[in-house]
Amino acid sequence: MSVIAEENVRGGSVFKEIDADDEDSQPTEIESLCMNCYQNGMTRILLTKIPFFKEIIISSFTCPNCSWSNTEIQSAGRIQDQGITYTLHVKSKQVDMNREVVKADSATTRIPELDFEIPPYTQKGCKYSLNFLLIWKTIFTFQAYVAVKISEFIDKLKKLKEGESGFTLVIDDPSGNSFVENPFAPQKDEALSVCNYTRTPQQDAQLGIKAEDEQEEEKPSNDIDSMRNEVLTFNTNCPECNAPASTNMKLVQIPHFKEVIIMATNCDDCGHRTNEVKSGGATEELGTKITLHLTDVSDMSRDLLKSETCSILIPELEFELGMAAVGGKFTTLEGLLKDIKDLIVSKNPFTCGDSSTSDRTEKLKLFGQKIDKIMAGDMDVHIVLDDPAGNSYLQNVYAPDPDPEMTTEKYTRTFEQNEDLGLLQQKG
């Protein structure tokens, strides 16, 4: 059995036979509207495979009322990862002009010798021999718009069809779904060259894969300046209620210091909010000890970066908070003191329930009152940030001049500090 795909050409007909002996190769017939006489006609659709290429869908429409018919071809596969360009040097009428050619609607067809080009999407996809597709079909198209100036061009096309002179055929298809037959397959075709290429963003947009503005937005940016302006969001779980939450992460440059990574988590279920700071660089060669003498309540507004490896000391209160006790934070000095108060007084499990004693509760309450006095500027104390990794920072409000109330000391880490930071394992 065979299906005949017919196209009327100026009163005549051109036929292309499709073998369909197998039952699985039977065409599908669909009643459809004729766009010529607006009566019902018949569309036959067949899935077939081109040898050494891929599967395609051939559709043939015939109208019994007005005898109008049409044939189209579509790729049965997806848009390929790369575009493709076929360059064929036509020399032999018998061999080259009878090659099977699949031209997708996205393909551009060129004949450089005639300075001739058929732009993409101006013709529907089709499958014919080179003789019909690129010569006769073009002639019929031009003759449909008769003009004196193109008569010479039509004569040149006819000469090419008759093989009176050689020419070069170029089919450039960004979808990768066009094809030019190699009659010598699986041997190499010396007259045909095939080149795959990466599509441009404009070609992707033309094919409907991705809009040009989306292409620009999603382009990976590895430069550090782009990362500073970008907030990354990833899914996580709330540390309090374990409900799904989102964490925002951003790279921030601290003036007169270094870059840090700020991570903030916000839970919509329970309202819990946390922020954490990670150093954006490596561990410094020397540790850093920053000592600030609090002389005014305005000191509470100083920016402060406390890394996870930083300890906090208040000598006047005989108080020391070890590293990682309140995590990494980027806050103000007042915010740090509030966190210390909450950790020691409000969230201390030994201040409530059976674990609490009157002496301990009173002592912690007194400590909280002293913290309140420090934040109000009513108590003369020193705040010491001791970070063996050298990744903590306290704002110098006099920068770039030295701060008369603040000293920064660099020191060599002890063996125990290197061990706590895991540096000995890295060296070993």
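What's counted below: heavy atoms across the whole structure, side chains too, no hydrogens, waters or symmetry copies. Just so you know, residue 1 is the first one in the sequence shown, and it goes up from there.
- E113 and T168 share a side-chain donor-acceptor pair at under 3.5 Å.
- The side-chain hydrogen bond (donor to acceptor under 3.5 Å, both in side chains) check on Y197 picks up D172, with sequence neighbours excluded.
- Listed here is the closest heavy atom pair of C310 and L385: SG-CB, 3.8 Å.
- In terms of the side-chain hydrogen bond (donor to acceptor under 3.5 Å, both in side chains) criterion, residue partners of K410 (sequence neighbours excluded) are, by chain and number, T288.
- Looking at S69 and T62, their side chains never bring a donor and an acceptor atom within 3.5 Å of each other.
- Judged as a ring pair (Phe, Tyr, Trp, His ring centres under 6.0 Å), and not counting sequence neighbours, the contacts of F367 are F319.
- The minimum heavy-atom distance between R199 and P174, with the atom names listed, is NH1-O, 2.7 Å.
- No hydrogens or angles considered: a donor-acceptor pair under 3.5 Å links the side chains of S32 and T43.
- Between the side chain of N396 and the backbone N or O of D401, at least one donor-acceptor pair lies under 3.5 Å.
- Note on residues 286-304: pairs passing salt bridge (charged side-chain N to carboxylate O under 4.0 Å, His left out), not counting sequence neighbours, are D299-R302, R302-D403.
- Scanning both residues, S392 and I290, for their nearest heavy atoms gives O-CD1, 3.9 Å.
- Remark: H272 pairs with no residue by the ring pair (Phe, Tyr, Trp, His ring centres under 6.0 Å) rule, at least two apart or across chains.
- The heavy-atom pair separating A389 from R413 by the smallest distance is CA-NH1, 4.2 Å.
- Atom CZ of F234 has more than 12 neighbouring heavy atoms from other residues, nucleotides or ligands inside a 6.0 Å radius.
- The side-chain hydrogen bond (donor to acceptor under 3.5 Å, both in side chains) check on N40 picks up E31, with sequence neighbours excluded.
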